[in-house]
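For reference, the structure discussed in these notes is given below.
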Amino acid sequence: MNWNNILTGFLQLNFFQMVISHCMVYQIPTESFEMPCIPPRMAEDGPAWQDVHGTIGENATVLVAGENFLCCHWSDTYMNCFAYTAEMEAKALISSRIVGSTLQQIDSIWNLQFWTNETTEELFCIVKLSTKSPYLNEDFTVNLLHALTDASLESASTNLLKENSSAIHCNILKAQKYECQISSVKLNHIYIMWLKITNGNILLQSPLMSVKPIDIVKPDPPLYLQVEMTDTGQIKISWSQPASKSNLFLYEVKCFTNSTKSFQQVAEITMGTSLTINNELLESSYIIQVRCKNHQKLGLWSDWSSPFNMDLQDVMYFPSKLLASVGTNISFYCVYKTKDKIISSKKIVWWLNLAKEIPSSQYTFVNDYTSKVTLTNLPAMKPGGNFLFNALYCCNENKECNHRYAELYIIDANINITCETYGNLQKMTCFWSINPDPILLESTLLLRYYRNDIYCSESPSMHTDSEVKECNLLKNNVYECIFKPFYLLSGYTMWIEIKHSLGTVTSRPVCVLPKEVVKPFSPFNVKAEITEDTGQLNVSWKNPELPKNDLQFQVRYVASGEDINWKIQEVPAVSVTSVSIAVQDPCVVYIIQVRCRMTEGIGYWSDWSRSVYTVVKDIKAPLRGPEFWRVINEDPIMNQKNVTLLWKPLMKNLSLCRVLDYVVEHNTSENIAWSDYIENDTTYTFSWSEDIHSVKILAINSIGASSVNFILTLSQQISTVNILQSLNIYPMNSSCVIMSWTLLPMDYVVTSFVIEWTNLNGEEQIKWITVPSNVRRYHIFDNFVLIEKYRFSLYPVINEGVTKPAITEGFSKDRIEKQHDVNFYVILPLMISCSFLLLGALLILQHRIKKLLWVDVPNPKNCSWAQGVNFQKRMDIL
């Protein structure tokens, strides 16, 4: 039967009028499908077909001409070809059951596969040439044209469809295989697409095809495939579902041997991510893989997951590697197989790092060939060279261990999460940090949280419907997570999820109530000053505007220039804005800061405010003027005496707080008085010619002058009065000498003594010190060189003036001799005492030796044979 008879028969049956009265667009299936190309002679009753460049030869294969589409649909039973006119009318060309003669007329077959990546929203198409005619060469150009439409094609035209279409060039993957990719597709919209394949002068075009991308989604393969062992000794395969908008999948698991790749078990499970399989797999090594697809059987199967190689060679551990956190309990299973048999579980012992045998009380015999060990309250890992894990060894009863081991990685998942709610209550910021553990640094860390409707539960726990909060890595492995907006009275349960290729562990969940972690803004407009008269530190500030709660405050202060050792002053009253603090030294610059927190001890202290500094200013007039002394230089040629006054600067506690000037007041016996101002100096020289001349030095600051001052009277007559009887200088060491003196009987009242000393071998200035009037012995501390010569002077001071001094050069010799005598009288009794002790010891020792040597020698007078013997005579004979 030829094709003309076939077409005539179908026309007589009015087939095309019944079936095809509108434009036909083929629905793209989820599986791969084939598209055939037919030679023109099979369509000889159809319209005249023309090549793009003219008349086609007898052997040419054509699927398009002009503005028309030729659509062929290929199935197991039928091959239907239709021609679309420009007005989108479908005219039948071929409609036939596939028979042997028909198959012989197919020029080429193209295999097509369409799918969508839901995550990236991309549509892919793989075009592969399965068979082709000999006259088709290898040089194909493949383009995928597509148009987005939601309307019916009945009123459309091929011209309109082509005007609204976009073309995608398909990249060659390998010989006669191409990949087409459309980016940014709309998953829930309908696309019309067709292929144009160019081979030299021949143009091949597929039928019109429609697809909704959401119907051909190809999910990513399942993740984290692992094999575990249950408490009953069964093998459990588990995995994690891929990231997808759909939470429900069908999974297919395949197990096969590595050599033959023959499937031993294929199972489908619904709504689950694990599968328990037969223990017969323990008898040999297997490779396990899993894939998934939408639970409604829409879309495509994913690619197979990464293979899990369950290699049973000598010893198999379940799991072979395990990640756990400090303080948890974990278990390992072991199957010990030799070349001949599997060792009984009762003959298996466990060792940790080949250094410590694990007690048998921690073993469990799961079945005849499976042993289980449980480690409780895991400690933190101790650094051990390059090893980041503990090695568990499964050994036989003879303590012979195989070289294989299980790896136990322990990390410290006790991660502290702290949160702060800022004063304006606009956001809550949480912080957490990790230690530089290599495993933590290689992991994916997520902050998960669950919000309770109100407050926190007494024992927070992790929830399955938790959310992930995006966090930013700051520095030093510190993370910051911001909740904005948030609910002030809701309890936020949080924990850190640590995802590693070895497994997933979590930190202990904590619950945070934003109301109880408020951190107010810092106080502002802080002012500080030292008050006059009292010398106290007064601090004032303004409360932050938010939050509108009662606040308590702390003030801290430190003297500028000292080590940062802050002193903190609690402000006892609530919501006050000032405080007065008694400070030890009011004459220094203080640094002051203030902070606040909500009352009742909830929340956090605010940050310290900006630092403010006090200004040093005088509190009162100086308490007294400085102590001073005079040095008199006589000029016999000019018959003139020059007096130089020397004084020491006042300390801050006497100057309160500084001295701006000194004033020297003069008063002579002729009742002449005047004053001289001295700025920033401690010496002053004037001429003295009067019989009596008294001087007084006042200290002046911004408040006033000192009211208590020292007066020194210079008298020509009194300077010749001698009231000292003796003066001695005794050296103690290189830093101290002792001066002692005695007075003559007198009618004067001594008010003080002034001691002067100077090194005669050097160019040092005169040093002096004032001594109370009741002192007769005084220690002088200085750096003394005892081999050098010093001059010491002692001036008694009375109300009428300064009397004649006692002067000595060098140190007193009699004191040195007395010191030697004292040493002799101290040492002599000690020597005598030691002699008596030594003599007594010698006598005792002699007595003990005599007793030891003669204890067994008999007394001759007590022996019978010695009666009447004259031992003296015998001694004479000898």
Query raised in the report: Stepwise, does the side-chain hydrogen bond (donor to acceptor under 3.5 Å, both in side chains) test hold for S726 with T742?
Result: CA-CA 5 Å; S726 65; T742 59; 2.5 Å; yes
Query raised in the report: Shortest non-hydrogen contact from L698 to A705?
Result: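 Heavy atoms only, the tightest pair is CD2-CB, 4.1 Å.
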Report task. For ring-ring contact (aromatic ring centres under 6.0 Å, His included), just list the numbers for F784 and Y790, CA-CA rounded to whole Å, side-chain angles, deciding distance to a tenth of an Å, and then say yes or no. Result -> CA-CA 9 Å; F784 295 100; Y790 288 85; 5.4 Å; yes
Is the [atom1] atom of [X] crowded by more than 12 outside heavy atoms at less than 6.0 Å?
{"X": "K620", "atom1": "NZ", "answer": "no"}
{"X": "R776", "atom1": "CZ", "answer": "yes"}
{"X": "Y677", "atom1": "OH", "answer": "no"}
{"X": "Y604", "atom1": "OH", "answer": "yes"}
{"X": "R508", "atom1": "CZ", "answer": "no"}
{"X": "N733", "atom1": "CG", "answer": "yes"}
{"X": "K648", "atom1": "NZ", "answer": "yes"}
{"X": "K515", "atom1": "NZ", "answer": "no"}

Requested in this report: Please work out whether the ring planes of H666 and F686 are parallel, tilted or perpendicular, with thresholds of 30° and 60°.
Outcome: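 H666 vs F686 ring planes: perpendicular.
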Query raised in the report: Where does the angle between the aromatic ring planes of H693 and W674 fall among parallel (under 30°), tilted (30 to 60°) and perpendicular (over 60°)?
Result: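 The arrangement is perpendicular - the two ring planes meet at more than 60°.
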Are [X] and [Y] packed together at the side-chain level, in the sense that at least one heavy-atom pair is separated by less than 4.5 angstrom?
{"X": "I755", "Y": "W757", "value": "yes"}
{"X": "N435", "Y": "L440", "value": "yes"}
{"X": "L794", "Y": "P805", "value": "no"}
{"X": "K696", "Y": "F710", "value": "no"}

How far does [atom1] of [X] sit from [atom2] of [Y], to the nearest 0.5 angstrom?
{"X": "K804", "Y": "N722", "atom1": "NZ", "atom2": "CG", "result": "5.5 Å"}
{"X": "C587", "Y": "K617", "atom1": "SG", "atom2": "NZ", "result": "12.0 Å"}
{"X": "E800", "Y": "T751", "atom1": "CD", "atom2": "OG1", "result": "9.0 Å"}
{"X": "T803", "Y": "M746", "atom1": "OG1", "atom2": "CE", "result": "8.5 Å"}
{"X": "I729", "Y": "I738", "atom1": "CD1", "atom2": "CD1", "result": "10.0 Å"}
{"X": "I711", "Y": "I697", "atom1": "CD1", "atom2": "CD1", "result": "11.5 Å"}

Query raised in the report: How about C430 and C481, are their SG atoms within less than 2.5 Å of each other?
Result: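 Answer is no, sulfur atoms not closer than 2.5 Å.
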Examine distances only and state if a side-chain atom of [X] and a backbone atom of [Y] form a donor-acceptor pair shorter than 3.5 Å.
{"X": "S609", "Y": "V594", "result": "yes"}
{"X": "S507", "Y": "I496", "result": "yes"}
{"X": "T577", "Y": "K542", "result": "no"}
{"X": "W608", "Y": "R610", "result": "no"}

Requested in this report: Tell me, with the steps shown, if Y684 and W647 meet ring-ring contact (aromatic ring centres under 6.0 Å, His included).
Outcome: CA-CA 9 Å; Y684 170 73; W647 65 90; 7.4 Å; no
Pairing donors with acceptors under 3.5 angstrom, does anything connect the side chains of [X] and [Y]?
{"X": "S702", "Y": "D618", "answer": "yes"}
{"X": "Q640", "Y": "N642", "answer": "yes"}
{"X": "S580", "Y": "Q536", "answer": "yes"}
{"X": "W629", "Y": "E756", "answer": "yes"}

Query - Derivation of the side chain to side chain contact (heavy atoms under 4.5 Å, CB included) call for I678 and D661 - result: CA-CA 6 Å; I678 311 298; D661 298 298; over 6 Å; no
**Report entry** Residue pair E570, Q554: steps toward the side-chain hydrogen bond (donor to acceptor under 3.5 Å, both in side chains) verdict
**Finding:** CA-CA 5 Å; E570 298 283 348; Q554 280 184 346; 2.5 Å; yes
Requested in this report: State which residue, out of K767, E788, R791, fulfils the side chain to side chain donor-acceptor pair (under 3.5 Å) condition with N759.
Outcome: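 Of K767, E788, R791, side chain to side chain donor-acceptor pair (under 3.5 Å) with N759 is met by E788 alone.
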Query raised in the report: Quick one: does NZ or CZ of R630 land under 6.0 Å from the six-membered ring centre of Y795, within 45 degrees of the ring axis?
Result: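 Cation-pi check for R630 and Y795: passes.
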Requested in this report: State whether W741 and R777 meet the cation-pi test: NZ (Lys) or CZ (Arg) under 6.0 Å from the six-membered ring centroid, and within 45° of the perpendicular axis.
Outcome: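 No; the conditions do not both hold, so R777 does not lie above the ring face of W741.
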Query raised in the report: Between V663 and D676, is a side chain to side chain contact (heavy atoms under 4.5 Å, CB included) present by the stated rule, with each step listed?
Result: CA-CA 6 Å; V663 177; D676 290 331; over 6 Å; no
Query - side chain to side chain contact (heavy atoms under 4.5 Å, CB included) between V518 and L425, intermediate numbers included - result: CA-CA 8 Å; V518 174; L425 306 181; 4.2 Å; yes
**Report entry** Verdict with supporting geometry, Y479 and N472, side chain to side chain contact (heavy atoms under 4.5 Å, CB included)
**Finding:** CA-CA 5 Å; Y479 291 81; N472 298 319; over 6 Å; no
Report task. Verify side-chain hydrogen bond (donor to acceptor under 3.5 Å, both in side chains) between Q593 and S611, making sure each step is shown before the conclusion. Result -> CA-CA 5 Å; Q593 293 178 328; S611 299; 2.8 Å; yes
Query - Intermediate values then yes/no, side-chain hydrogen bond (donor to acceptor under 3.5 Å, both in side chains), S752 and T770 - result: CA-CA 7 Å; S752 63; T770 301; 5.9 Å; no
